[in-house]
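My questions all concern the structure below.
Counting starts at 1 for both ligands and their atoms, in listed order. For the single chain, residues carry numbers from 1 onward in sequence order.
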Amino acid sequence: MARRRQLYEGKAKILFEGPEPGTLVQYFKDDATAGNGAKHGIITGKGVLNNRISEYIMLRLQDIGIPTHFIRRINMREQLIREVEIIPLEIVVRNIAAGSIAKRLGIPEGTRLPRSIVEYYYKNDALNDPMVAEEHITAFGWACTHDMDDMVAMALRVNDFLTGLFAGVGISLVDFKLEFGRLWEGEEMKIILADEISPDNCRLWDSKTSEKLDKDRFRRDMGQVEEAYQEVARRLGILPEAGNGDLKGSETMQ
Ligand code: 5GP
């Protein structure tokens with residue numbers, strides 16, 4: 001198959017030129033990294049599952065009026081997206097203490113936070129994505145106050161909606177990371193949700209057992225990573241109950 005022109009390769013995804021101006025093709029790899037690339041592995045079928053899970057979530061978010069870069073899924077590993085200018089920030093929303101907040105503030109993992117907490121990180125691999133305050137973001141011009149208000153409002157709506165969506169299938173949404181981009185329509189700029197939403201960038205715990213169903217299984221060498229991602233997809237009704245089909249995924253199969 002004739003390949004499209006590659007524009008960017010990240011740790012878990014590749015971006016290709018899209019079929020029309022203003023579009024890109026986002027390809028989901030099976031590669032997994034942790035600790036800013038210090039640890040690398042392949043989780044067979046992860047790309048196929050994340051493509052499906054992220055498609056499902058982005059469509060549900062569009063249904064409630066959240067603008068996203070997602071246009072449509074093309075095949076098992078690729079989706080068509082709108083080209084945006086990525087804002088160099090990671091917006092993290094937390095409901096339960098885990099990961100870096102548990103470590104940084106000495107809060108036992110699993111403690112419910114007094115309210116949802118929004119944090120900002122500067123997207124910069126060389127600096128290990130440091131946490132920043134709105135002061136840094138506006139002073140260095142990564143986003144203005146109005147952009148921040150838009151992103152925080154969307155992040156909190158996404159949190160409310162996804163908390164309910166996952167609760168409905170017996171999963172606690174512990175925390176997640178979002179990225180946003182600027183979409184220009186003539187002189188008008190609007191901020192839309194970009195990247196992906198999947199077990200790679202959410203912490204998802206079984207509501208009853210607190211079993212981890214996300215990338216922490218890879219980060220912490222717990223094993224059964226693919227099975228955990230499959231379980232999330234199965235509970236969301238994306239995977240048929242019996243089996244997962246060909247998760248290695250030929251690139252163009254639907
Ligand atoms: P923490 O700050 O506790 O490491 O991560 C908080 C949440 O954001 C977790 O759900 C984690 O998966 C997500 N997250 C934070 N930074 C990154 C990142 O650079 N890549 C990915 N895939 N997820 C991230």
Practice item. Over all heavy atoms of both residues, which pair between Trp142 and Ile87 is shortest? Give the atoms and the distance, please. Key: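 Where Trp142 meets Ile87 most closely, the heavy atoms are O-CG2, 3.8 Å.
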
Practice item. Step through the shown structure and confirm whether more than 12 heavy atoms of other residues, nucleotides or ligands are within 6.0 Å of NZ on Lys190. Key: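 Count not over threshold, so no.
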
Check your understanding: Below 4.0 angstrom, N of the basic side chain to O of the carboxylate: do Arg73 and Glu55 qualify?
Key ->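 A salt bridge links Arg73 with Glu55.
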
Point to revise | Neighbouring residues of ligand 1, heavy-atom cut-off under 4.0 Å | key: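 Residues near ligand 1: Glu90, Val92, Arg94, Ala98, Gly99, Ser100, Tyr121, Asp129, Asp175, Phe176, Lys177, Asp200, Asn201, Cys202, Arg203, Arg219.
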
Review point. If you look only at pairs with a residue in residues 156-174, which of them pass as a salt bridge (charged side-chain N to carboxylate O under 4.0 Å, His left out), with sequence neighbours excluded?
Key: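 Every candidate salt bridge (charged side-chain N to carboxylate O under 4.0 Å, His left out) pair involving residues 156-174 fails, so no pair, neighbours aside, qualifies.
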
Review point. If you draw a 6.0 Å radius around CD in Gln224, do more than 12 non-hydrogen atoms from other residues or ligands fall strictly inside?
Key: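 No, CD of Gln224 has 12 or fewer neighbouring heavy atoms, counting only those of other groups under 6.0 Å.
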
Check your understanding: Under 6.0 Å from the six-membered ring centre of Tyr8 and within 45° of its axis: does the NZ or CZ of Lys13 meet both?
Key ->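 The answer is no, since Lys13 fails at least one limit relative to Tyr8.
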
